[in-house]
Amino acid sequence: MTEKRKAVTYGESLSNKDISNLVELTGFKEKQLVKLYDYYKQIAGSLIEDGVIDNQEFEESLGLKGSVFATRLFKGTFEDRLKLTFQVYDIDGDGGIDKNELELILKACLKENFRIKLSQKELEQIIDQTFLEIDTDNNGKIDFEEYAEYATKHPKIMDNLDICLPFLL
């Protein structure tokens, strides 16, 4: 049976137990977590002290006040997010994601996630499997329609993509 964890309430300090749990879950060091939490509180309370980061606070924290990009990233529709992430993956802008582009993106995302280590062979297997599942016309490229169809059937994939987007952009 898993232990239920109480959420940290905005404005509170992190308890030692909270910090220990977060160190275990995230791989961050204690000092890093405390700084991140302090930064979160600073952003979440910069305009309205409600413990929530709204669109305006999000834009200002990134130095992108009034940015269409930041607004789309923060509260875009599923279709907006699909188009944005496809554009990020389509590095050369030719309308399709090839295996080299996918490899570059996956390596960049993995670089940010210190808890996941993959060999080159494992990475190639993931790429090959991805193309088997998504590249339905077997032309060696994932076009937007194939990408959108797969993401619509598997919407959780968008959550994973959001995680590494800030690093990629």
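- Put simply, CD1 on Ile126 and CG on Leu118 are 4.5 Å apart, with the number rounded to the nearest 0.5 Å.
- Just one of Tyr89, Tyr150, Phe86 meets the ring pair (Phe, Tyr, Trp, His ring centres under 6.0 Å) condition when paired with Phe144; it is Phe86.
- Summarising the geometry, atom CG belonging to Leu104 is positioned 7.0 Å from atom CG belonging to Asn100; distances are rounded to the nearest 0.5 Å.
- Shown here is Asp137, whose CG atom has more than 12 heavy atoms of other residues, nucleotides or ligands within 6.0 Å.
- Separation of atoms NZ (Lys29) and CG (Leu22) is listed at 16.0 Å; rounding is to 0.5 Å.
- Rounded to the nearest 0.5 angstrom, Asp135 CG and Asn139 CG are separated by 5.0 Å.
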Legend entry - salt bridge (charged side-chain N to carboxylate O under 4.0 Å, His left out) evaluation trace for Glu103 with Lys107: CA-CA 6 Å; Glu103 181 178 356; Lys107 282 182 176 179; 3.0 Å; yes

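- In this structure, the separation between NZ on Lys35 and NZ on Lys31 is 6.5 Å, given to the nearest 0.5 Å.
- Atom CD1 of Ile142 is separated from atom CD1 of Ile134 by 4.5 Å, given to the nearest 0.5 angstrom.
- Contact record, Leu33 with Ile19: CD1-O, 4.0 Å, taken as the closest heavy-atom pair.
- Here the shortest heavy-atom pairing between Ile97 and Phe131 reads O-CZ, 3.3 Å.
- For the pair Glu146 (side chain) and Asp143 (backbone), a donor-acceptor distance under 3.5 Å is present.
- Surrounding CD of Glu30 are at most 12 heavy atoms belonging to other residues, nucleotides or ligands under 6.0 Å away.
- Scanning both residues, Ala44 and Glu57, for their nearest heavy atoms gives O-OE2, 3.2 Å.
- In this structure, the side chain of Asp90 engages the main chain of Asp94 through a donor-acceptor pair within 3.5 Å.
- Aromatic ring pairs are classed by plane angle as parallel below 30°, tilted from 30° to 60° and perpendicular above 60°; the pair Tyr37 and Tyr40 is parallel.
- Two residues are said to be in side-chain contact when any heavy atoms from C-beta on lie closer than 4.5 Å; Asp128 and Lys99 meet this criterion.
- Heavy atoms only, all atoms of each residue included: Lys141 and Asp98 are closest at NZ-OD2, 4.0 Å.
- Between the side chains of Gln129 and Gln125, no donor-acceptor pair is found at a separation under 3.5 Å.
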